[in-house]
Novice: 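My structure is below; once you've seen it, I'll send some questions.
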Amino acid sequence: IFRRRSLISACGMGSMTSIESPHTHSSSCDHKALGFGVKRFRGNHAKASQNCSQGSGTTTFNGTQTIYTDWDNGTYRLRDDCAPAFIWTRFYADRLNNKNVTEYTDSNNNWTTFNDELGVSAHWGIKTAQNYFKVIHNRNGWNGDWQDIKVYCDKNFGDDQNPDYTDATWNQGTNGFLLNGKISFGAGILSIGTDDYTSLDVCGHEFMHGVTRATSDLVYERESGALNEGLSDIFGEIIEHWETGATPNWWHNERTLLGGIPNIGRHMMRPAVTGQPETYGDTLWRNPNCGKPDADDNDNCGVHFNSGVLNKAFALMVSGGTGINYNDDPYDVPGFGFAKGRKIAYKAATHYLTSQDEFVDAREAFIQSAEDEYGVCSSEAINVAKAFYAVGVESASSKYDRKLCGAIIPIPGFGQVEGTRSITSGGPGCSTVIIPNGNSYLYKAGLEVVYKDGFVAPAGSNLQAITTGCSFTKN
């Protein structure tokens, strides 16, 4: 789920799994270009193609877009059957009670009325997310096996205290022998289209919850739940950038308004501006061991808050940045752009992360993915490690780029410090002095040992430095 005003939302974890959510490359879903022929297949169940009809529709946030529909009983409806998995978009006619699921219909497949905008936006946004995963990662739908998605619009997320509250959610349940994805979008105040919770990053966010459910299945509570939320924010931004090509502003769900007032979403580069931690364990960090996780009482132990740490790490990987974190550690992360970032993030999310993983595991998963794609000790792997260092996430027993500051008192028997790739002493905010006491001290790194201004080895100190080749054991 995305969450709008409060960052707390409901997420049941039984036979029906409900996950909460949170931004356009103008791919018009040419199904033939994606290799879809006349006969479609969903899992092991064959189905004949329905009337995959190209139309156009006005979206709330992205202007007029190409959409795909089918012809049913003398009218067009928002049911895209072009790919092996259909996307079927409908709305609750009884919005107050979330009942009476009803078709969006149009006589000429040119969807321009205000009442259609919510449905068109959701229909196009989910299709764009599905296209992204197929074109970039060759993934067959959210679960990798072309399972369908049912989209429900005009869902009422409000209550007596906050009747205009709106949101978007991913749900998954069983339907016969097939698992179906279900995504619901709220409309806020119905007379104001920009209240719609259907911006492209939100659509991407919800679709990614389905991908996560089908791969790592990160449990939606505590640190694993925060990683789940963070990955959805990350791929929401990735999909928005893929579609629009716009320079990221790192705001997530910034387009939705409430009664014309800008919505406060999440800022991935500066999470603290919306109450999220920027460093693991800082003052905005929510205790992930808070007792019994509850969606309403404690946000499942902070899933919508602590996700800011992963968000910032990814934003630094892509765009780069410098600063000093909550631990007083200076950082300087060169960015390597979205194309590399999405490749690394996708592999980490679908190949290495597992259901109970925590932030330290995410660090190892992202580093391993960067090494798989670009090589051990590659600049990409190093930059990933630097990004996690910037947000205070380090392995318990291995340091990729290590910093050593303060007074170093060598111990008998040859004291030493090890760094996987590098060790640095000195530099801004890192005064280092080796205390001469007759004992030796060793700097041991895979690639380089760096001494900067501020490092002092007085006369009589015994210091050695060696490099051993850049490799280390993941933990």
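Just so you know, these numbers use all the heavy atoms, side chains as well, and skip hydrogens, waters and symmetry mates.
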Novice: Is there a donor-acceptor contact under 3.5 Å linking the side chains of S307 and Q276?
Specialist: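 Yes - a donor-acceptor pair under 3.5 Å links their side chains.
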Novice: Quick one: salt bridge (charged side-chain N to carboxylate O under 4.0 Å, His left out) pairs with a partner in residues 100-113, sequence neighbours left out?
Specialist: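 Applying salt bridge (charged side-chain N to carboxylate O under 4.0 Å, His left out) to every pair that reaches into residues 100-113, excluding sequence neighbours, yields R77-E103.
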Novice: Sequence neighbours left out, what passes side chain to side chain donor-acceptor pair (under 3.5 Å) with R139? Give chain and number order.
Specialist: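 So R139 forms a side chain to side chain donor-acceptor pair (under 3.5 Å) with Y346.
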Novice: What heavy-atom pair brings A385 and I367 nearest, and what distance separates the two atoms?
Specialist: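 Taking every non-hydrogen atom into account, CB-CD1, 3.9 Å.
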Novice: Say you draw a straight line from OG1 of T274 to CZ of R266; how long is it, rounded to the nearest 0.5 Å?
Specialist: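 If I round to the nearest 0.5 Å, the distance is 7.5 Å.
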Novice: Does the side chain of M208 come within less than 4.5 Å of W142's, by heavy atoms?
Specialist: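 Side chain of W142 against side chain of M208, heavy atoms only: no contact under 4.5 Å found.
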Novice: Just jot down the side-chain contact (heavy atoms from CB on, under 4.5 Å) partners of S379, sequence neighbours excluded, or say none.
Specialist: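 Scan of S379 (side-chain contact (heavy atoms from CB on, under 4.5 Å), adjacent residues dropped) gives none.
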Novice: Can you name the side chain to side chain donor-acceptor pair (under 3.5 Å) partners of E278, sequence neighbours left out?
Specialist: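 Checked E278 against side chain to side chain donor-acceptor pair (under 3.5 Å); zero matches.
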Novice: What pair of heavy atoms forms the shortest contact from A226 to G302, and how long is it?
Specialist: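 Closest pair (atom of A226, atom of G302, distance): CB-O, 4.5 Å.
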Novice: If you measure from NZ on K312 to OG1 on T279, what distance do you get to the nearest 0.5 Å?
Specialist: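 It comes to 7.5 Å.
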Novice: Suppose we screen for side chain to side chain donor-acceptor pair (under 3.5 Å). Which residues come up paired with N108, at least two apart in sequence or across chains?
Specialist: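 With sequence neighbours excluded, N108 shows a side chain to side chain donor-acceptor pair (under 3.5 Å) to no residue whatsoever.
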Novice: Write down the atom of S378, the atom of A370, and the distance for their closest heavy-atom approach.
Specialist: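 Shortest heavy-atom contact: OG-O, 4.1 Å.
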Novice: Would you call T64 and T59 a side-chain contact if the rule is heavy atoms closer than 4.5 Å?
Specialist: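 A side-chain contact is absent here, since even the closest heavy-atom pair is not under 4.5 Å.
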Novice: Please name all residues satisfying salt bridge (charged side-chain N to carboxylate O under 4.0 Å, His left out) with K343, sequence neighbours left out, ordered by chain then number.
Specialist: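 In terms of salt bridge (charged side-chain N to carboxylate O under 4.0 Å, His left out), with neighbours along the sequence ignored, K343 is linked to no residue.
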Novice: Is the backbone of Y76 close enough, under 3.5 Å, to the side chain of D70 for a donor and an acceptor to pair up by distance?
Specialist: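 Flag not set: sc D70 to bb Y76 has no pair under 3.5 Å.
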Novice: Give, for atom CG of N300 and atom CD of E221, the distance between the pair rounded to the nearest 0.5 Å.
Specialist: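 Interatomic distance, N300 CG to E221 CD, rounded to 0.5 Å: 6.5 Å.
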Novice: Does L231 reach the side chain of L310, with side-chain heavy atoms less than 4.5 Å apart?
Specialist: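 In short, these two side chains touch, coming nearer than 4.5 Å.
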Novice: Check whether any side-chain heavy atom of I67 lies under 4.5 Å from a side-chain heavy atom of W111, and answer yes or no.
Specialist: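 They are in side-chain contact.
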Novice: Can you find a side-chain donor-acceptor pair between T113 and D116 that sits under 3.5 Å?
Specialist: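 Per modelled atom types, T113 and D116 side chains form a pair under 3.5 Å.
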Novice: A side-chain contact here means heavy atoms from C-beta on lying under 4.5 Å apart; do H267 and H252 qualify?
Specialist: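 Answer no - side chains too far apart.
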Novice: With ring centroids as reference points, do Y104 and F91 lie under 6.0 angstrom apart?
Specialist: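 Yes.
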Novice: In the structure I gave you, are the side-chain heavy atoms of D233 and H205 within less than 4.5 Å of one another anywhere?
Specialist: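 The answer is yes, as the side chains (C-beta and beyond) meet within the 4.5 Å cut-off.
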Novice: When you look at T66 and S56, which way does the side-chain contact (heavy atoms from CB on, under 4.5 Å) test go after all the steps?
Specialist: CA-CA 4 Å; T66 298; S56 66; 5.7 Å; no
Novice: Do E358 and R363 sit within salt-bridge range, that is, some charged N less than 4.0 Å from a carboxylate O?
Specialist: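 Salt bridge absent between E358 and R363.
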Novice: To the closest 0.5 Å, what do you measure between CG (L118) and SG (C153)?
Specialist: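 One finds 4.0 Å between CG of L118 and SG of C153.
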Novice: Is a donor from one side chain sitting under 3.5 angstrom from an acceptor on the other, for H137 and Y132?
Specialist: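 On atom types as modelled, these side chains qualify, holding a pair under 3.5 Å.
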Novice: Output every pair passing disulfide bond (SG atoms under 2.5 Å apart) with a member in residues 272-302, not counting sequence neighbours, ordered by first then second residue.
Specialist: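 The answer is C290-C301.
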Novice: Can you list every pair that meets ring pair (Phe, Tyr, Trp, His ring centres under 6.0 Å) and has a residue in residues 349-376, with sequence neighbours left out?
Specialist: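 Only Y280-F359, W285-F359, F366-F388 qualify under ring pair (Phe, Tyr, Trp, His ring centres under 6.0 Å).
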Novice: Side chains of D80 and H123: donor-acceptor distance under 3.5 Å anywhere?
Specialist: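 Side chains of D80 and H123: no pair found under 3.5 Å.
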Novice: For C203 and I126, which heavy atoms make the closest approach, and how far apart are they?
Specialist: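 Scanning both residues, the minimum pair turns out to be O-CD1, 3.7 Å.
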Novice: Hey, does Y326 have a side-chain heavy atom less than 4.5 Å from the side chain of L284?
Specialist: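 A side-chain contact under 4.5 Å is absent here.
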Novice: With sequence neighbours left out, what residues match D372 under salt bridge (charged side-chain N to carboxylate O under 4.0 Å, His left out)?
Specialist: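 D372: salt bridge (charged side-chain N to carboxylate O under 4.0 Å, His left out) contacts with K347.
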Novice: Testing the basics here: between A365 and S369, what is the closest heavy-atom pair and its distance to 0.1 Å?
Specialist: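 Smallest heavy-atom distance, with atoms named: O-OG, 2.8 Å.
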Novice: Can S121 and T60 be counted as having a side-chain donor-acceptor contact under 3.5 angstrom?
Specialist: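 Distance-only check passes for S121 and T60.
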Novice: Is it the case that the side chain of T215 and the backbone of T350 share a donor-acceptor pair, with hydrogens and angles ignored and the cut-off at 3.5 Å?
Specialist: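 Pair absent, no side-chain N/O of T215 close to backbone of T350.
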Novice: Apply side-chain contact (heavy atoms from CB on, under 4.5 Å) to T354 and list each qualifying residue two or more places apart in sequence or on a separate chain.
Specialist: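 Checked T354 against side-chain contact (heavy atoms from CB on, under 4.5 Å); matches are D357.
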Novice: Rounded to the nearest 0.5 Å, what separates atom CG in D72 from atom OG1 in T105?
Specialist: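 The OG1 atom of T105 is 10.0 Å from CG of D72, to the nearest 0.5 Å.
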Novice: Treating D299 as the side-chain partner and H304 as the backbone partner, does any N or O pair qualify as donor plus acceptor under 3.5 Å?
Specialist: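 Yes.
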Novice: Got a list of side-chain donor-acceptor pairs under 3.5 Å for residues 313-322, not counting sequence neighbours?
Specialist:
residue: S319; atom: OG; partner: W250; partner atom: NE1; Å: 3.0

Novice: Can you confirm whether or not the ring centre of F133 sits under 6.0 Å from the ring centre of F207?
Specialist: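 Yes, the ring of F133 comes within the 6.0 Å limit of the ring of F207, centre to centre.
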Novice: Might you work through the side-chain contact (heavy atoms from CB on, under 4.5 Å) test for R90 and L78, ending with a clear yes or no?
Specialist: CA-CA 7 Å; R90 294 170 290 176; L78 291 181; over 6 Å; no
Novice: Taking atom OH of Y389 and atom CG of N325, what is their separation to the nearest 0.5 Å?
Specialist: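 These two atoms lie 7.0 Å from each other.
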Novice: Sequence neighbours left out, what passes side chain to side chain donor-acceptor pair (under 3.5 Å) with D332? Give chain and number order.
Specialist: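 With sequence neighbours excluded, D332 shows a side chain to side chain donor-acceptor pair (under 3.5 Å) to no residue whatsoever.
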Novice: Which atoms form the tightest heavy-atom contact between A345 and I234, and what is the distance?
Specialist: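 Shortest heavy-atom separation between A345 and I234 comes out as CB-CG2, 4.4 Å.
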Novice: Compare all side-chain heavy atoms of F86 with those of K150 and state whether any distance is below 4.5 angstrom.
Specialist: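 Of all side-chain heavy-atom pairs linking K150 with F86, at least one is under 4.5 Å.
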Novice: Would T212 and D217 satisfy side-chain contact (heavy atoms from CB on, under 4.5 Å), going step by step from the backbone distance to the final call?
Specialist: CA-CA 5 Å; T212 297; D217 199 16; over 6 Å; no
Novice: Just by modelled atom types, is the V219 backbone N or O under 3.5 Å from a matching donor or acceptor in the S224 side chain?
Specialist: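 Yes, because the side chain of S224 sits within donor-acceptor range (under 3.5 Å) of the backbone of V219.
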Novice: So N228 and V303, side-chain contact (heavy atoms from CB on, under 4.5 Å) or not? Walk me through it.
Specialist: CA-CA 8 Å; N228 192 321; V303 300; over 6 Å; no
